[in-house]
Amino acid sequence: MTTRVEMKDVHKRYGSNDVIKGVDLQVEDNEVVVMIGPSGAGKSTVLRMINGLETTTSGEILIDGEDIAHPGVNIDKVREKIGMVFQHFNLFPNMSVLDNVTLAPTELGLQSKADAEKAGRELLESVGLGDKEDAMPASLSGGQKQRVAIARALAMKPDIMLFDEPTSALDPEMVGDVLEVMRKLAKEGMTMVIVTHEMGFAREVADRVVFFGDGKILEQGTPEQIFDHPQHERLQSFLDKVLNV
Amino acid sequence: MRLSMKRKHIITLLILGIIAIIGAFAPQTTAAAKEKTYTFGTDVTYAPFEFANKKNVYVGIDIDLMRAIAKEEGFKVNLKQLGFNSAVQALEAKQIDGVIAGMTITPERQQKFDMSDPYYPTGPVAAAEKGSKVKSLKDLRGKRVAIKTGTAAADYANSIKKKYGFTTVTFDDSDNMYQDVASGNSAACFDDQPVLQYAIATGVKLHLISKPSTMKYYGIAVNKGRNDGLMKKINAGIKKVKADGTYDKIVAKYLGNGTVKAQQKKNAKTQETNRSFVGLLKSNWGTLMGGLGETIELTVVGIICATIIGVLIGLLGVMPNKFAQGVATTFIYIFRGLPLMVLALFIYTGIPSLTGSKIPAFIAGIITLTLNEGAYTAAFVKGGIEAVDDGQMEAARSLGLPWGKSMRRVILPQGLRIMVPSFINQLIITLKDTSILSIIGLLELTQTGKIIIARNMEGFKIWTMVALIYLIIITVLTWLSNWVQKHMQA
């Protein structure tokens, strides 16, 4: 097993406010890690640190053994290997669905326009949106937008996929389609780090569940350990609240 | 690597900016004539010494005399109607080679400049509104008097204002000063005798209330310490034209035999015969269109340069780099904070007086517009980019696109759409702002209007025409911009 992501004693401080208070986290190749926890616990911040969207105050983040904060490291090259899906999709509204998907590989010179479009169509097909390639993002539903966003990230052929609450902004009936696409990805062996409030989904796809509280990892383990035998009192009360609504 | 990439962006932007500025300066180095050409500044209106005739060609004793001297001495002369005070400042700043503008030889001026031999007798006198109760200087007690900035007559008025107990108000040109008295705002004005006399003879409703206290003379000024013998040539030229009768012919051409009647007759030839709105419009059409052409040229070149600078500075302002942001903030702070007129004067007369190298008025005008309108443009470009959702940049960067590519392909296309109304607004503001550049003697629409009025005193009609021309152009621009906006949204 190779380690894809390794965080060592990572801290982040805004002024006098400690947001991340020493996080150690490893993600192995092909592993699906799901991060859960109350709002403001630091899950999203930690996720965004993995591809350098958030900076750290101290500690190290290694991607495939490479320290991303090192001055000699080109963060753009690191990001090419890490796909990211956002809560609010962040599709580019000024271009068509297919152009959203092909922009990065063509702009970075990784694929010819024709190759990128062929690959892009296949990706759109695989997320169930083969007929939407010419549509503009504004004409899509939330669930469709999020599936385009996943296809867009996959177009860079990433080694790791990060999902930042991918279903939180969706109408309930749209959630299933997006989770279905993610489920398929997990089965294909994609290394994934997911922040979500979908506990059923977490239990189903996660190899490991990580519980965050107050800027720290309070507990982690297999879905069975976390959901059926929670140890930490904060985790127990959290699960109580989210599972018994 | 990460840092050096950012630095590369900043350096590229800075270099582009510098190239744009140098490009704007470039034309001045191209002129290199064989026969030496000297540029002389003169007043906008100082009849009979300099004024525009009905074809709006500059004529007058100074103009003809300077040309005659140049012809005698074998050099070329380029006369610029800058206004008296601006001309003197431009000479101090070495923007021009000399001033011939009914400039009285005084000890102070002789200290500052080389003054030529005298060429016309003069002396400061006061004039009051025709038919007013002000009959002599004594009647001015407690009243306000109009003077013209930087003139010997103004110095004279200031030297006696305690004695006669009046206050002063300053104007930049003679006709505005006369109008202030004729309309009753000021009790009297001070100006040189030959000029006031000529003005009264040609219909300005004033009468003289004093006699010249001392007789003085007009001379031509050049900068001290020139080693090209220009002053020698001028003095030799004055001597020659006086000796061979050219000088007398020139004076007679404008003043006849010196009587009021002769002056009226001479003046009539320079004036329009049809004074109706349509008549004035017809006779001044070419001149007004010439001014409009200059206004449009300034606007178009100005807005292009301002847009380039504005976009570059705006981009610096959103770069993830403190130094770049500081440069942008400072640029916007300074050039948005400075009044356009101060900036124009600073560039046109301030900088050359420090460096000693000239900046042509048009170039100075363009630089002024570029910096001022560029600062406003930078501010809304920065704002427009910042108005694009942060998530867009994050999404682009998370795909591995570098900052520059993300900006160009994702952020700018969205930001520009937000900025379109601001760009159109800025174009209209720039068009209007060019009128302020009349201060550095650019013959754009406003300055053209001033000059026509200086000749024919038809302030209401001519300003109406000028205002209408601005409104028509702005209306056309607004229609055009609405059309563009509609088509961009489609």
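Every chain is numbered from 1 and lettered A, B, ... according to where its sequence line falls, protein lines coming before strand lines. These values consider heavy atoms only, across backbone and side chains, with no hydrogens, waters or symmetry-generated copies. From a predicted model like this one, the values you see are computed outputs, not experimental measurements.
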Heavy-atom closest contact (A/Glu107 atom, B/Lys405 atom, distance): O-CE, 3.1 Å
Could you check if a side-chain atom of B/Asp389 sits within less than 4.5 angstrom of a side-chain atom of A/His88, using non-hydrogen atoms only? no
d(B/Arg409 CZ, A/Met95 CE) to nearest 0.5 Å is 5.5 Å
Donor-acceptor under 3.5 Å (A/Asn94 side chain, B/Gln414 main chain): no
Taking every non-hydrogen atom, the tightest pair across A/Phe92 and B/Ala395: CE2-CB, 4.0 Å
Surrounding CG of B/Asp390 (heavy atoms of other residues, nucleotides or ligands, distance under 6.0 Å), is the total greater than 12? no
With a 4.5 angstrom heavy-atom cut-off, could you sort out which part of A/Arg152 is near chain B: side chain, backbone, both or neither? both
Minimum heavy-atom separation for A/Leu91 to B/Gln392, with atom names? O-NE2, 2.8 Å
Which portion of A/Ile82 sits near chain B, non-hydrogen atoms under 4.5 angstrom: backbone
Say you draw a straight line from CG of A/Asp76 to OG of B/Ser398; how long is it, rounded to the nearest 0.5 Å? 11.0 Å
Is B/Leu399 close to A/Arg79 at the side-chain level, that is, under 4.5 Å between some pair of heavy atoms? no
List the steps, then state whether side-chain contact (heavy atoms from CB on, under 4.5 Å) holds for A/Leu108 with B/Leu401. CA-CA 7 Å; A/Leu108 291 169; B/Leu401 291 171; 3.9 Å; yes
Quick check on A/Phe86 against chain B: is it the side chain, the backbone, both or neither that has a heavy atom closer than 4.5 Å? side chain
Let's go through B/Glu394 and A/Met84 carefully: what are the C-alpha distance in whole Å and the side-chain angles of both, what is the deciding distance for side-chain contact (heavy atoms from CB on, under 4.5 Å) to 0.1 Å, and is it a yes or a no? CA-CA 9 Å; B/Glu394 287 188 348; A/Met84 179 145 188; over 6 Å; no
Does atom CZ of A/Arg13 have more than 12 heavy-atom neighbours from other groups under 6.0 Å away? no
